[in-house]
Each structure stands twice: as structure tokens, then as C-alpha cells.
Amino acid sequence: SQTIHQWPATLVQPVGSPLSLECTVEGTSNPNLYWYRQAAGRGLQLLFYSVGIGQISSEVPQNLSASRPQDRQFILSSKKLLLSDSGFYLCAWRGTGGYGYTFGSGTRLTVV
Amino acid sequence: AQSVAQPEDQVNVAEGNPLTVKCTYSVSGNPYLFWYVQYPNRGLQFLLKYITGDNLVKGSYGFEAEFNKSQTSFHLKKPSALVSDSALYFCAVRDIRSDKLIFGTGTRLQVFP
């Protein structure tokens, strides 16, 4: 069966420190992968999506970047965190031929 | 552009009463519509989807949604609410061209004992 893993679950980082959040998918190949951010426990903003290895599309200009080094691995990064980067980050995938997304359990990032 | 709107920030309902969480959509072409639920500090869980076919879609945990083309609505319903249904609910539409899932702003459902 297909599963999606996202870690860490929570993270507290100082302003100016780097960030690396990892998302991996199991049980499928060539998934479309997505990073969302949820601020203030409400709306979901699409940050990045990827349709294949090394293919990244950015939705909004920001302090973050994404990479897809392997077919089922999607990484969200920052070189220097800002206070405004705090939020709940969700990874999701969609298999070929599927209609909806499956979400990871999320990472709560607090920048202090 | 595809979009969905959830006009209510919060819906309050007593346990045992029917509940409705509203969603309207704006799409070009046939809509692919979804409902997700989010419990505190958790990822989104899929409830149900409408792709084509019957206008009444049945999903997880006793939820259902009615697709209404003339009113461009896709309201989420449940005949008898449970306290455990209290959560944040998101309506979403899939943009076929870009393959993105576009979410509404979410509706917080509070079920009181």
C-alpha cells in the first residue's frame, strides 16, 4: 500500500538558521509531489510541486526552496529562516491516474 | 481559474443534529471536487470526491456531499453529528490543466454535546 512519511513532526529553529524538511513516499512510482504551508491553522498555500526528479515548480516567491533528488523524495529547504516561515508544512502526493491527494502528517515549524 | 469558496468560518451544531458545511465552486469544464478533514496538528484526511456520476457522493465516517451543478455547490452533510466530528473541513477543486489541488479557506465545525 502507498504511504507518505514526513519528518520531523515538530521543529523549533532560531531565525537565520537553515531548514531541511523531508518527505518520502512508498508503494508508488513517479508520483506528483507537493509542499503546502498552513498558517494560523487555516488556509493552505501551495508552495512547490514536482512532477519528476529534478523538476520543481514554485508557486510563490519566498525564502524557501524545494528539491527532488529521488523519485519518491521531496525536500523543503531554507538557507536562513525568517520569523514569517513559521507554520504547519504539509507534504502530499498524487499517483498517476489518481484524482485526489494523500497528505503527510505535517511538520509544525516555529522560528524563534 | 478554478476556485472554491467556503462562506462560513465556523459551523456550530448540537450532537445528534444534522450538519451541513457549505462549498461553492467556480470552474471551467467539469469539476473534480473533494472534501478533506483536518484534526488538530494533523495532516488532511480524504473524506470524499466527486468526479462524475451520481450527484450524491458518500464518503468516510458517514459523511456525504451533494453536487449541484445549477447552484455550483458541493455541500458536505451528515445526518447526525458526533462530538468527534469537530475539526477543520476543507473543500477543494482539482485544476486539471495545472494538476494542482486548490483549497477553500476551511470551515471549523464544532459539535456540542
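Numbers restart at 1 for each chain; the letters A, B, ... are given by sequence-line order, proteins then strands. Keep in mind it's a predicted model, so treat the numbers as computed, not measured.
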Out of R42(B), Q45(B), Q6(B), which one racks up the most heavy-atom pairs below 4.5 Å with chain A? R42(B)

Where Y49(A) and K100(B) come nearest, the two heavy atoms and their spacing: CE2-CE, 3.4 Å

Can Y34(A) be reached from F88(A) by stepping across I, L, V, M, F, W or Y side chains whose heavy atoms are under 4.5 Å apart? yes

Do Y36(B) and Y101(A) come within less than 4.5 Å of each other through their side chains, counting heavy atoms only? yes

Which atoms of E59(A) come close to chain B, meaning under 4.5 Å heavy atom to heavy atom: side chain ones, backbone ones, both, or neither? side chain

F74(B) and F103(B): same hydrophobic cluster, using ILVMFWY side-chain contacts below 4.5 Å? no

Do you reckon L21(A) sits in the same ILVMFWY cluster as L81(A), going by side-chain contacts under 4.5 Å, direct or chained? yes

same_hphob_cluster(L33(B), F46(B)) at 4.5 Å side-chain heavy-atom cutoff: no

Can F34(B) be reached from L56(B) by stepping across I, L, V, M, F, W or Y side chains whose heavy atoms are under 4.5 Å apart? no

Top contributor to chain B interface from G106(A), A92(A), S105(A) [non-hydrogen pairs under 4.5 Å]: S105(A)

Enclosure of N17(B) CG (heavy-atom neighbours >12, cutoff 6.0 Å): yes

Which atom names give the shortest non-hydrogen contact between F90(B) and Q38(A), and what distance separates them? CZ-NE2, 3.5 Å

Indicate the atoms forming the closest heavy-atom contact of L101(B) with Y36(A), along with that distance. O-OH, 2.8 Å

